[in-house]
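Shown next, in structure tokens, is the structure this report addresses.
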Amino acid sequence: GSATYLTKVTAPDANTSDLFGISVSQSGNILAVGANYADPGGTTDAGAAYLYQLEANGSATYLTKVTAPDANTSDVFGYSVSQSGNILAVGAYQADPGGTTDAGAAYTFDISTYTNNTPTNLNPTGTLTILENMAAGTTVGEFNATDPDANATLSYSLIAGAGDGNNSLFTLESNGTLKTAALLDYEAGATLSIRVQVQDENNASMDGNFTVQVTNQNEAPLITNGMAITLTLLEDGILTDSTLIASDPDSGDILTWTFTPDHEGNGTVNLSGTGNSPTFLYSPNVHHFGTDFFTCLLYTSPSPRDKRQS
């Protein structure tokens with residue numbers, strides 16, 4: 001691995017022997033730096049701590065300088081710094097509380113004015129459901145989240161991690177709009193999983209796993225031979241053939257075959273049965289030679305009017 005240099009942080013009022021950097025603490029996008037030999041207000045070695053905001057581009061922005069409200073010479077305030085949530089703790093191990101020499105003290109400060117909070121409540125605004133076979137780019141739903149920080153800017157994305165198994169089938173716009181990136185097939189998978197992240201402008205983020213339900217569409221069966229089949233027999237012969245073959249994307253549907261009465265009438269047709277391959281019987285009129293034709297009809301039950309192939 002390797003480390004990428006981002007920035008160098010210094011005190012805006014740096015002086016000789018301040019020992020800025022004797023202690024550091026980072027929490028979220030806030031960096032605290034101690035300078036235990038700083039001379040705030042001219043008080044020698046009273047010490048100080050400095051707060052910076054770490055920006056998304058790698059730079060650091062100075063926020064404020066923190067000093068002890070009862071600073072005294074040689075307290076070395078800032079020898080240690082620590083953050084947790086909105087609280088900054090600063091040690092001054094040579095402070096003289098109550099006049100007791102070098103007894104030491106620790107100071108706590110509320111820095112909620114500067115801290116950045118993580119977004120919460122990442123959820124879709126409704127059920128994530130999409131009908132199969134919809135064109136790529138069809139909107140599935142919207143994601144939303146809340147941020148305790150006023151005027152925070154939130155952006156959304158699909159990320160790698162646990163539960164990301166079907167991320168590639170979707171796109172997620174930065175505003176939280178989830179769309180399909182491909183045709184979805186109910187028969188191939190009715191329940192799809194994605195992993196979503198919301199992030200604020202200071203890179204604080206939360207992730208979540210979500211499920212998209214693909215609903216079934218009654219799809220047309222398909223005669224796999226193509227649109228036309230040519231069969232040949234001798235004059236006055238009888239043709240029995242099972243060449244017709246069909247398939248149906250919807251499992252469990254019953255395929256039923258028949259024919260339309262628009263054939264030329266040069267013979268008798270019997271086309272019936274269920275399943276992928278029907279029985280076809282054709283008997284030409286006596287002494288007929290030449291052509292005859294008819295159109296077969298394939299439909300499914302329980303919804304025979306929903307789909308057909310001729």
Side-chain angles (χ1 to χ4, degrees), residues 4 6-7 9 24-32 51-64 82-89 108-132 134-186 189-215:
T4 302
L6 296 177
T7 191
V9 179
V24 293
S25 173
Q26 180 186 344
S27 178
N29 69 326
I30 300 299
L31 175 68
L51 293 181
Y52 298 83
Q53 178 173 293
L54 303 178
E55 308 295 353
N57 63 5
S59 64
T61 301
Y62 171 73
L63 296 175
T64 191
S82 178
Q83 299 177 72
S84 179
N86 294 325
I87 301 300
L88 169 68
T108 59
F109 300 86
D110 180 354
I111 57 172
S112 58
T113 301
Y114 306 110
T115 55
N116 180 59
N117 294 289
T118 299
T120 60
N121 300 322
L122 172 61
N123 283 297
T125 58
T127 303
L128 299 177
T129 303
I130 182 74
L131 185 66
E132 68 171 331
M134 299 298 289
T138 299
T139 297
V140 179
E142 303 283 339
F143 280 91
N144 199 1
T146 57
D147 195 309
D149 301 317
N151 302 316
T153 300
L154 300 181
S155 59
Y156 302 81
S157 61
L158 295 171
I159 63 165
D164 68 350
N166 302 115
N167 277 12
S168 62
L169 299 178
F170 300 92
T171 61
L172 183 58
E173 297 177 357
S174 60
N175 64 1
T177 301
L178 181 68
K179 295 183 178 181
T180 59
L183 288 178
L184 303 181
D185 183 7
Y186 172 86
T191 302
L192 306 177
S193 62
I194 58 174
R195 186 171 181 85
V196 175
Q197 181 179 87
V198 59
Q199 179 174 282
D200 68 13
E201 71 276 17
N202 294 308
N203 296 324
S205 65
M206 74 167 296
D207 308 339
N209 297 330
F210 301 92
T211 297
V212 178
Q213 293 294 334
V214 181
T215 56

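Values in this document were obtained by computation on a predicted structure and should not be read as measured data. Side-chain atoms are counted along with the backbone in the values below, which use heavy atoms only and exclude waters and symmetry mates.
Looking at heavy atoms from C-beta onward, Leu158 lies out of side-chain contact with Asp164 at the 4.5 angstrom threshold. For the pair Val212 and Ile194, the minimum side-chain heavy-atom distance is below 4.5 Å. Considering only heavy atoms from C-beta on, Val140 comes within 4.5 Å of Thr180 through its side chain. For the pair Thr177/Lys179, a side-chain contact is recorded, criterion being any heavy-atom separation below 4.5 Å from C-beta on. Proximity of Leu178 to Val196: side-chain heavy atoms (C-beta onward) are nowhere separated by under 4.5 Å.
Without hydrogens or angle criteria, Ser82 side chain to Ala89 main chain gives no donor-acceptor distance under 3.5 Å. One N or O on the side chain of Asp200 and one on the backbone of Asn202 form a donor-acceptor pair closer than 3.5 Å. Gln26 places a side-chain N or O within donor-acceptor distance of the main-chain N or O of Gly28, the cut-off being under 3.5 Å.
Minimum interatomic distance between Leu128 and Gly141 (heavy atoms only, all atoms of both residues): CD2-CA, 4.0 Å. Scanning all heavy atoms of the two residues, the minimum distance from Ser168 to Ala181 falls at O-CB, 3.9 Å. The two atoms that bring Thr138 and Ile130 nearest to each other are CG2-CD1, 3.6 Å, heavy atoms only. Closest heavy-atom contact between Ser112 and Asn86: CB-CG, 3.6 Å. Contact between Ser205 and Thr118 at its shortest, heavy atoms only, is O-CG2, 3.3 Å. Nearest approach of Tyr156 to Asn175, heavy atoms of both residues: CD1-C, 3.7 Å.
Side-chain atoms of Glu55 and Thr61 include a donor-acceptor pair closer than 3.5 Å. Checked by atom type, the side-chain pair Asn117/Asp149 shows a donor-acceptor distance below 3.5 Å. Side chain to side chain, Thr191 and Gln213 meet the donor-acceptor criterion of an N or O pair below 3.5 Å. Under 3.5 Å, the side chains of Asn144 and Thr125 contain no donor-acceptor pair of N or O atoms.
The line from OG of Ser59 to OH of Tyr52 is 13.0 Å long, rounded to the nearest 0.5 Å. Between the CZ atom in Phe210 and the CZ atom in Arg195 there is a gap of 9.5 Å [rounded to 0.5 Å]. Considering CG of Asn57 and CG of Leu54, their distance stands at 10.5 Å, rounded to 0.5 Å. Distance check, rounded to the nearest 0.5 Å: CG of Asp147 to CG of Asn116 gives 6.5 Å. With rounding to the nearest 0.5 angstrom, the CD atom of Glu173 is 7.0 Å from the OG1 atom of Thr139. Rounding to the nearest 0.5 Å gives a distance of 9.0 Å between CG of Asn166 and CG of Leu184.
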Exercise for the section: Please report the C-alpha distance between Leu63 and Ile30 in whole Å, then the side-chain angles of each, then the deciding distance to 0.1 Å, and finally whether the side-chain contact (heavy atoms from CB on, under 4.5 Å) criterion is met. Expected result: CA-CA 9 Å; Leu63 296 175; Ile30 300 299; 3.8 Å; yes
